Amino acid sequence: MRTNYCGLVNKKYLGSKVNVVGWVHRRRDHGGVIFIDIRDREGILQVVVDPDSAEAFDVAEQVRNEFVIQVTGLVRDRPDGTVNDSLISGQVEVLVEKIIILNSADPPPFLMDDEKITESVRLEYRHLDLRRPEMQKNIRIRHKVGMLVRNFLNNEGFLDIETPMLTKSTPEGARDYLVPSRIHEGQFFALPQSPQLFKQLLMIAGYDRYYQIVKCFRDEDLRADRQPEFTQIDIETSFLHSDEIMKMMEEMVRYVFDKSADIKLPDPFPRISFHDAMDKYGSDKPDMRIELVLTELTQAVKDVEFKVFRDAVNRKDGRVAALRVPNGSQLTRREIDDYTEFVKTLGAKGLAYIKINDIDNIAEGLNSPILKFISDDIIRKILHLTEARSGDIIFFGADKRKIVNDSLGALRLKVGTEKKLLSKQWMPIWIVDFPMFEFNEDEKKWNSLHHPFTSPAEGDEAFLKDDPGKALSKAYDMVINGWEIGGGSIRINDIKIQKKVFEALDISETLAQEKFGFLIKALNSGAPPHGGIAFGLDRIVALICQVDSIRDVIAFPKTQRAQDLLVDAPNLVEEKQLRELNLKLRKKNKVDE
RNA sequence: GGAGCAUUAGUGUAGCGGUUAACACGUCGCCCUGUCACGGCGAAGACCACGGGUUCGAUUCCCGUAUGCUCCGCCA
């Protein structure tokens, strides 16, 4: 049917006869001569239909946008002055001898080079959206990233091993997608949130280096970077220290970014502790491109009169911190009000600030509603600690530590982006030294920060029993430009420590046996030191493609309400299907007729 | 569960307490032999998301619902 891809026809084929097939991108009918831009996945080719070939001309007049056509003709130079440099094939054109309509098409709801289509229309007509060159590019980069990952890991001796999709529901973690078992009445499989335990079992089984590019499922609410089904690059190794794993994974990521999009990432990636990341950036996934940092002020303002500060200082989980914005004194009242509203949505009660017009004149060079509550001494201290200069503004957060970090951390991103206080560099960073646990205020118990199989840091096993909040773990997260793209850890391979961690998490011996009995058994049968990491493939590809949402790198994504607008899923099922599964709906729904 | 923004021909937008609801692209027809976002002339195409309220009168103002997106909660 075809001798060449449309987009790849060039001067090399001058004088030869080609057969091309593709979609009609655009038709320009000049009455006497008709140009058709024919498009396939490689690009666009202009074909010319001359009235001399009456039969072809007749067909060309019937052709419409998005028809599928086959064209036979001669590749020739374009006449002087009609070269189109924006096409790879733009030096040449094909003089049509024969044109066949392989299939007609309804007029599409949008043109394939329209860039202003709203997302719901794109999702409803995803098969057309995916025809658009931009989506074709993204999906191909995704393919390339996958292949590069496989190349790299294959070269390092990793084995691709599949793990089950129908598996077991586990406590903790995200909400599971459940699959009812027909054979076992009242029982359910769960779709994997990740192959975590299987890959540990593979290490115990001696496969030494495992990887898998695999779908994972979490029934939680969606975000721009979160879909209910997403793809992990799942990796596990035996007999490697965390430094060795991190070094190898960095290399992989550098290789993938370089070879897929010629993006050069630094070597090595810098590292920062979880504690410092929260302290300086108010986030465990800081966007290091943004130049702004938080300044710790809790101690510095401990004797201040200002009630908002004093209350924060006096509570045991309180924090007072500042965000200095260079040249921010030019911010309008309106902008500051907007920022105040913004931090309120994140739990802050307000947003105190000081505008610094003249730093050498404390008495009159500052502008702020809170000055009268703060002594000159403390103001000098604040100005010194934040390294303020004339023309700056300083925003303050004073509340529970979490609220201060969330609100100033988010404000840092917002102001940094809006005021363009960011570098154009790619800024990967490792977050290390995570705490083992964080305290869940609602349930009054400790939860794993990573997962319950993460090894405590050397020597920190001692804290597990009496002071779990103090224990650090051997976990590491990779963050690029504020996107958490991967996380992993050295795992526990000592059953005694695993049991202590279960205890700290308030997972009873019975529950541990019931849910993780197979792991406990395996840990008792010669478990090697092991650890690994899992990357979010969708996020990596989105970064490389420089799109804002992973939906733009997933062929068939779901909407924020977790629906597929193209196939209209999920949907109601037949009563018969429910009966086979021994299921009964609690509220009666109308079943589709 | 909560907050915000949006919803007007096929698509993307404008508009406004009383309009013939405007523009661009697309579509259809006629004309056109070198265009490439071809051009010219003409035409068709909208219950202004849905339900309620305010009003003499609502596409416009208010409330609710639905849907899409962003964020919080949630995501070991």
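Quick note on labels: first sequence line is chain A, next is B, and so on, each numbered from 1. Because the structure is predicted, anything quoted here is derived from the model rather than measured.
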query = So what does Asp221(A) touch, heavy atoms closer than 4.0 Å: a base, only the sugar-phosphate, or nothing?
reply = base
query = Does the side chain of Leu566(A) come within less than 4.5 Å of Leu123(A)'s, by heavy atoms?
reply = no
message = Using the P atom as the point on both nucleotides, what is the distance between C5(B) and C63(B), in whole Å?
response = 11 Å
message = When you compare the ring of His30(A) with the six-membered ring of C32(B)'s base, are the centres less than 5.5 Å apart and the planes under 30° from each other?
response = no
query = NA contact type, Ala410(A), heavy-atom cut-off 4.0 Å: base, sugar-phosphate, or nothing?
reply = nothing
message = Between Glu229(A) and Lys558(A) (salt bridge meaning N to carboxylate O under 4.0 Å), is one present in this structure?
response = yes
ask   = Going by 5.5 Å between centroids and 30° between planes, is there a stack of Phe110(A) over U11(B)?
value = no
ask   = Using a cut-off of 4.0 Å on non-hydrogen atoms, how would the nucleic acid contact of Asn65(A) be classed: base, sugar-phosphate, or nothing?
value = sugar-phosphate
request  = Round to a whole Å and report the spacing from CE of Met112(A) to P of C25(B).
outcome  = 18 Å
ask   = Is it true that Glu134(A) and Arg132(A) make a salt bridge, defined as a side-chain N closer than 4.0 Å to a carboxylate O?
value = yes
request  = Tell me what Thr118(A) touches on the nucleic acid: a base, only sugar-phosphate, or nothing, going by heavy atoms under 4.0 Å.
outcome  = sugar-phosphate
message = What contact category does Arg76(A) fall into here, base, sugar-phosphate, or nothing, at under 4.0 angstrom with non-hydrogen atoms?
response = base
task = In plain terms, say whether Asp129(A) and Arg126(A) are close enough for a salt bridge, that is, a side-chain N and a carboxylate O under 4.0 Å apart.
result = yes
message = Please classify the nucleic acid contact of Arg223(A) as base, sugar-phosphate, or nothing, using heavy-atom distances under 4.0 Å.
response = base
